[in-house]
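Convention: sequence-line order gives letters A, B, ...; per-chain numbering from 1. Basis for what follows: all heavy atoms, side chains included, without hydrogens, waters or symmetry-related copies.
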Amino acid sequence: MSAPALLELADDELILGWRDSEWTGIAPSLEEDVAFSSIAQNEIGHARALYELAARELGTTADELAFDRDPSEYRSAPLVEQRRLEWAHTIARHYLYETADEIRLAALKQADDADVAGLAAKMDREEQYHRLHARMWNERLRDEPRYQEALRELWPLALGVLAPEQRAELAGRVGFEPVDAVERDRQSEELRELWEEMTMVRRSVPGATW
Amino acid sequence: MIYEVFRQEKKGAAFAHAGSVDAPDATFAEAFAREQYGRRQESEALWVVPRAAIHTVTDFADELNKTYHRVDGYSLKAKLKEARERAGTARAS
């Protein structure tokens with residue numbers, strides 16, 4: 001698998017892990033706080049493993065890929081970049097992302113590259129819990145107008161997570177009509193703000209060994 | 001709603017109380033219990049029970065009125081001290 005394709009995945013997982021971790025300490029209940037923070041940490045763990053694979057190919061390190069690139073070099077999908085401190089949108093994104101990620105991981109598990117296929121299988125084991133969590137919340141909120149509105153709003157962004165040939169499958173699973181996707185080629189202002197925060201400590205002492 | 005979670009560490013072992021989770025329904029209680037007590041291979045099985053379903057009993061009558069039948073009715077510490085004194089092996093305190 002090519003490094004740019006690995007970076008798309010790694011960036012998605014890192015940025016979403018960051019966004020989800022913004023709920024740590026302020027989730028709707030303590031139990032949910034523990035659950036959602038744990039999911040956030042898993043995503044960042046997946047990002048680390050994916051960056052390591054890409055780093056081997058590019059002759060660099062996972063940390064350099066995660067934190068030393070310019071914001072314009074990130075390949076994350078706009079869906080994960082949005083700052084969403086509102087629960088209906090957070091769960092809508094979570095549900096849409098996990099459903100898309102399941103399709104993406106199923107394809108990766110079949111990859112010719114044994115390292116990629118193995119990592120995809122390992123990630124998929126943790127994602128099973130994420131999907132259980134996402135579906136449970138989707139089930140609970142599905143009749144709430146605020147949640148339905150959030151799903152509709154995020155739907156074009158969710159399609160942008162997947163390669164064009166995988167999008168019809170996502171539409172089928174979610175039960176929405178395919179529309180024009182919001183592609184990865186746009187850099188959001190929100191990603192730039194997040195990057196400032198995310199790389200702040202590392203940039204404070206360039207070249208340091210932590 | 002509070003659910004009490006019981007955890008079985010190994011196959012065949014007795015379930016022991018692990019803790020409790022606050023959840024709106026049984027599905028959420030299960031997910032939260034899995035997260036807190038089951039995701040790291042630390043459990044063989046979980047019981048997730050609404051606290052309201054647990055019938056608590058505390059009012060035991062003292063049928064025998066013989067304190068030595070109870071674990072708290074016999075002060076081992078005091079008896080040991082007496083025995084040591086009799087044997088002349090009391091510790092210097």
Chain B contact via A:Glu139 - side chain, backbone, both or neither, heavy atoms under 4.5 Å: neither
Under 4.5 Å from a heavy atom of chain B, the part of A:Asp33 involved: neither
What distance separates A:Glu32 CD from B:Glu35 CD, expressed to the nearest 0.5 Å? 9.5 Å
Hey, is [atom1] on [X] packed in by over 12 heavy atoms from elsewhere, all under 6.0 Å?
{"X": "B:Arg7", "atom1": "CZ", "value": "yes"}
{"X": "A:Arg202", "atom1": "CZ", "value": "yes"}
{"X": "A:Leu30", "atom1": "CG", "value": "no"}
{"X": "A:Glu165", "atom1": "CD", "value": "yes"}
{"X": "A:Glu64", "atom1": "CD", "value": "yes"}

Looking only at atom types and distance, does a side-chain atom of A:Glu31 sit under 3.5 Å from a main-chain N or O of B:Asp22, one as donor and one as acceptor? yes
Could you tell me if the side chain of B:Arg39 sits less than 4.5 Å from the side chain of A:Asn42, heavy atoms only? yes
With a 4.5 Å limit on heavy-atom distance, are the side chains of B:Thr27 and A:Arg140 in contact? no
Can you see which heavy atom on A:Tyr129 is nearest to which on B:Ala31, and at what distance? OH-O, 3.4 Å
Side chain, backbone, both or neither: which part of B:Gln36 has a non-hydrogen atom closer than 4.5 Å to chain A? side chain
